[in-house]
Amino acid sequence: MAVAIRGGRVGGGGGLGMGLRGFFSYRIFVSAMFSLLFLATLSVILTTHPSTSHHDSALPSVGNAYVQRTFLALKSDPLKTRLDLIHKQANDHIALVNAYAAYARKLKLDISRQLKMFDDLAGNFSDLSVKPTYKASLFEPEGAVDEDVLRQFEKEVKDKVKFARLLIGESKESYDNQLKIQKLKDTIFAVNELLVKAKKNGALASLISAKSVPKSLHCLAMRLVEERISHPEKYRDEEPSPEFEDPTLYHYAIFSDNVIAVSVVVRSVVKNAQEPWRHVFHVVTDRMNVAAMKVWFKMRPVEGGAHVEVKAIEDYTFLNSSYVPVLRQLESLRMQKFYFENRAEYATKDVNHMKFRNPKYLSMLNHLRFYLPEMYPKLHKILFLDDDVVVQKDLTGLWNIDLDGKVNGAVETCFGSFRRYAQYLNFSHPLIRERFNPKACAWAYGMNIFDLDAWRREKCTEQYHYWQNLNEDRTMWKLGTLPPGLITFYSSTKSLDKSWHVLGLGYNPSVSMDDINKAAVIHYNGNMKPWLDIALNQYKNLWTKYVDNDMEFVQVCNFGF
């Protein structure tokens, strides 16, 4: 029994020993096979020579050739690894320099000097490897690398690499689109800032020039007043002529403090009228210029027997602050502060509305147009003319136009979305939004035929007072007479043919000469008035031909027309 058990144990131990021996034999066999495979692969790599000759102008630096050369360097000479890395760096910069040169040629940039430097630099890199000293010591297929020569070669390569990087860095701005875009944006921003500043300064200068009294105009007024003082007997006030109230004649209203401008308007009407003796001009000015205006028309009577009445605003006693909202508003401290304190400072802050801070927009000479029926109670119709217009044709046809019961006959100025009511009135105000259409077409002041009977019937002056009082805080519109005119005559304006009135000669250099030649009235609205040095030269002669150059004071005051 014991034998049996012992035998069993021996049999079991022998089986285990044979299993262990088999396992280790398999491990040794696998290791031997991998070792043989590795040695075979290494032998193939080490005994294979690169196909590219060292005599080429550029050493291989990528792919299998680079791997082969690296193993060769490890096998033969450690300095060759260093040489290969230096040469690879040189080849990389050759490719970069050539890329920039090609891009410059494609863009056709005006940088011939840079192109030449790029080409020369690429050539210098390539020429290094073919120098006899370097070729014999570094790039011969046999022999060890000379460390001193390699050090010199490395120094030259690094110098050229440094120069290449400097050149590319300086030129990058010309080739990098992102940098170019950013630089362009910065330039546009800077130029826009200068443009905004120039517009503000230009607008302010233009406003000052337009609203200032030229020396020649001041001289003329002073000479006329001096004439009145020197010869009072010649310029006594006469009794009003009956023609001034005759409704069968053609009546004009001109409100201005500019003597020569008024004379041009009157002269141009008369010279183009078929029956000048039937035309009556009602000129109203301020107290300071009324004497000069009267002397002018006394010294230079209107041709053709036309009639001229000259009066001052103060002659109309009903025009006082208790009746006229504008006069009452001008007396308020807040309004005076708005207009007369720091006007230059305010003007530079708001280019678009700086002109509205000029007190002339609250001047009664501008707002007299809303009191025509009361100023001329016996007339049925009157033609209102600004002092910066020139009449080129007979205007009597305007009195024959049927206004269809409306008060105002005017030329509309809108086109597209421009010059609609929305541009003149504040439609965020509930009363404006409720009463008016923002798309309604605006019309022009400067030549308006008014039916005074219809005006009285529609009570337009009362309407004007109502809205002017509501706008004391300027929340409905800015200043001027056009916005309240658009409101007052909103539903009572008859549109006239555009040939009656052509505008823009005081600001628009592109007004068609065909339109000007066909027009009955041309209007120098804008800052560039024809009596100023800043006038548009192409239109100035249309005004100056009606100046009375034979008048002695015009010659003395050197108007230069």
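The first residue of the sequence shown is numbered 1, and numbering continues consecutively from there.
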Q. Are F384 and H251 close enough that their ring centres sit under 6.0 Å apart?
A. no
Q) Is the F436-F427 ring centre distance short of 6.0 angstrom? A) no
Q.
What I'd like to find out is whether the side chain of K298 reaches to under 4.5 Å of the side chain of K234, using heavy atoms alone.
A. no
Q: List for me each residue that meets side-chain contact (heavy atoms from CB on, under 4.5 Å) alongside D394, sequence neighbours excluded, and say none if there are none.
A: A273, Q274, H279, T396
Q) When the aromatic ring centroids of H282 and Y376 are compared, is their separation below 6.0 Å? A) yes
Q: Answer with yes or no after comparing the ring centroid distance for F489 and F450 against a 6.0 Å cut-off, counting only values under it.
A: yes
Q. Within 45° of the axis and under 6.0 Å from the centre of the six-membered ring of Y316, does NZ or CZ of K311 qualify?
A. yes
Q. Using the benzene-type ring in the case of Trp, are the ring centres of W477 and Y424 under 6.0 Å apart?
A. no
Q. Does R369 count as lying over the ring of F255, i.e. NZ or CZ under 6.0 Å from the six-ring centre, within 45 degrees of the axis?
A. no
Q: Check the side chains of H465 and Y323 for a donor-acceptor pair under 3.5 angstrom, ignoring hydrogens and angles.
A: no
Q: Examine the side chains of N469 and R328 and answer whether a donor and an acceptor come within less than 3.5 Å of each other.
A: yes
Q | Side-chain heavy atoms of N558 within contact of S216, under 4.5 Å | A | no
Q. After noting the C-alpha distance and the side-chain angles of Y466 and T461, does the key distance pass the side-chain contact (heavy atoms from CB on, under 4.5 Å) rule?
A. CA-CA 9 Å; Y466 171 76; T461 301; over 6 Å; no
**Q.** With F189 via side-chain contact (heavy atoms from CB on, under 4.5 Å) - residues at least two apart
**A.** E193
